[in-house]
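So you know, we letter chains A, B, ... as the sequences are listed, proteins then strands, and number each from 1.
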There are 2 protein chains.
Amino acid sequence: MDGIKERLLETAQALIQTRGYNGFSYRDIADKVGIRAASIHYHFPTKECLGAAVAAHYTDAFMAELDRARDRTKDPVELLRAYAGLFRRTLATKDRMCLCGMLAAEVAALPISVAAETKRFFQENLRWLTAVFADAAGDHGKASPSPIPEEQASHFLALLEGAMLVAKASGDIGAFDRTVRTELGRLQ
Amino acid sequence: MDGIKERLLETAQALIQTRGYNGFSYRDIADKVGIRAASIHYHFPTKECLGAAVAAHYTDAFMAELDRARDRTKDPVELLRAYAGLFRRTLATKDRMCLCGMLAAEVAALPISVAAETKRFFQENLRWLTAVFADAAGDHGKASPSPIPEEQASHFLALLEGAMLVAKASGDIGAFDRTVRTELGRLQ
DNA sequence: GTCTATAAGATGATAGAC
DNA sequence: GTCTATCATCTTATAGAC
């Protein structure tokens with residue numbers, strides 16, 4: 001099951017994360033995997049199929065990691081640190097953008113099924129983050145104006161996606177780290 | 001001076017903002033402007049020239065608007081509200097991504113001169129925002145841990161760029177508005 | 001499952017007429 | 001300045017052999 005289909009998915013994912021959906025071709029994948037471009041159509045008949053499969057696989061893997069983190073700890077700040085860590089790993093180890101952050105920017109140019117999978121990534125992430133922030137609010141006895149969990153979630157996700165863009169444009173991952181550290185410190 | 005060169009720039013800008021640098025062609029521009037694709041090469045010999053000119057023009061116009069805002073008021077929160085308003089206009093009136101936010105995501109796939117202009121946009125924006133936050137810090141007599149203006153600038157820019165991505169993926173501009181309103185309220 | 005061959009169209013770019 | 005014509009190359013996708 002760790003066959004060629006997975007290698008195609010991972011290679012396509014890397015290409016989308018660095019070049020965008022319209023910035024890669026079947027041939028680019030073929031050259032990296034060591035197969036002919038036409039052969040890819042056997043596994044993924046169209047580029048839309050491939051793109052949707054990549055986005056779905058990415059979202060599922062992402063959410064699975066988040067659920068594992070939730071099994072390890074219930075501490076909200078610790079969970080948010082783990083959450084930010086997922087984004088950091090993408091940026092630091094491969095100099096890639098968040099797959100769905102990239103696709104979100106291009107959403108107007110995407111086939112519908114790819115756009116739909118992109119939307120799902122954000123929906124599920126916002127749901128997970130909202131639960132974490134709602135938990136955190138319950139911890140303290142509602143101090144100060146008590147922020148809305150949904151807005152905190154949207155804020156945190158936007159901050160991380162944007163910090164990745166700033167880091168990529170500046171060529172400085174430190175910018176991402178500083179933004180995350182400050183935000184986590186503020187939440188504590 | 002409001003001739004065809006400007007129409008080509010504006011059309012190319014709109015295409016990059018919605019489809020990305022690799023998501024449009026000379027023919028796309030030609031169809032919208034009412035000229036043949038080959039004729040564009042007279043004004044912009046290569047796609048790299050065109051891309052760099054679009055980014056440069058965008059950054060210059062953006063900074064010019066910010067300087068005008070600075071002439072109107074010195075109130076930091078009012079300036080940040082105006083700053084966020086520029087991003088909102090892009091998102092709301094044309095459903096476009098910030099040009100350089102889009103290019104930042106694709107930076108690994110860009111010709112060097114286009115990547116360089118993208119970097120300049122972020123540098124100049126961070127410089128402007130840093131000055132605003134430094135001003136704001138001087139207003140009060142250094143209350144609490146006194147945040148670093150450079151980090152506040154990077155944070156604010158990242159938040160706006162990311163909020164645009166979240167809004168685009170969700171198909172909900174309200175998400176952008178809520179994020180901005182909450183952040184401005186927090187800064188007051 | 002992967003290959004070759006091929007289609008049908010898009011792409012960035014150039015040459016030369018008007 | 002804009003056109004037509006043309007180029008070499010790339011792109012997604014299909015058909016059929018192995």
Q. Are the charged groups of B/Lys74 and B/Asp135 less than 4.0 angstrom apart, N to O?
A. no
Q) Is A/Phe44 touching bases, backbone alone, or none of the nucleic acid, heavy atoms closer than 4.0 Å? A) nothing
Q.
I need the OH-P distance between A/Tyr26 and D/dT9, as an integer number of Å.
A. 24 Å
Q. Can you tell me how far C1' of C/dA13 sits from CD of B/Glu48, to the nearest Å?
A. 14 Å
Q. On DNA chain D, nearest-nucleotide positions of A/Pro45 versus B/Tyr42: which is more 5'?
A. B/Tyr42
Q) If you check the B/Ile35 side chain, which of C/dG1, D/dT2, C/dC3 turns out closest? A) D/dT2
Q: Would you kindly give the NZ-to-P distance between A/Lys47 and D/dT14, to the nearest whole Å?
A: 15 Å
(Q) Among D/dT4, C/dT2, C/dA13, which nucleotide has an atom closest to any side-chain atom of A/Ile4? (A) C/dT2
Q. C/dG1 P sits how many Å from A/His41 NE2, rounded?
A. 17 Å
Q) Does the pair B/Asp172/A/Lys119 count as a salt bridge with the N-to-O cut at 4.0 Å? A) no
Q: Tell me yes or no: between the side chains of B/Tyr21 and A/Asn22, is some donor less than 3.5 Å from an acceptor?
A: no
(Q) Nearest whole Å is fine: how far is C/dT11 P from B/Leu50 CG? (A) 14 Å
Q.
What's B/Ala38 touching, base or sugar-phosphate or nothing? Going by heavy atoms closer than 4.0 Å.
A. base
Q: Would you indicate what B/Ser25 reaches in the nucleic acid, counting non-hydrogen atoms under 4.0 angstrom: base, sugar-phosphate, or nothing?
A: sugar-phosphate
Q: Considering just the side-chain nitrogens and oxygens of A/Arg27, establish if one lies under 4.0 Å of OP1 or OP2 belonging to D/dT11.
A: no
Q.
If the threshold is 4.0 Å, N to carboxylate O, is there a salt bridge linking A/Glu10 and A/Arg7?
A. no
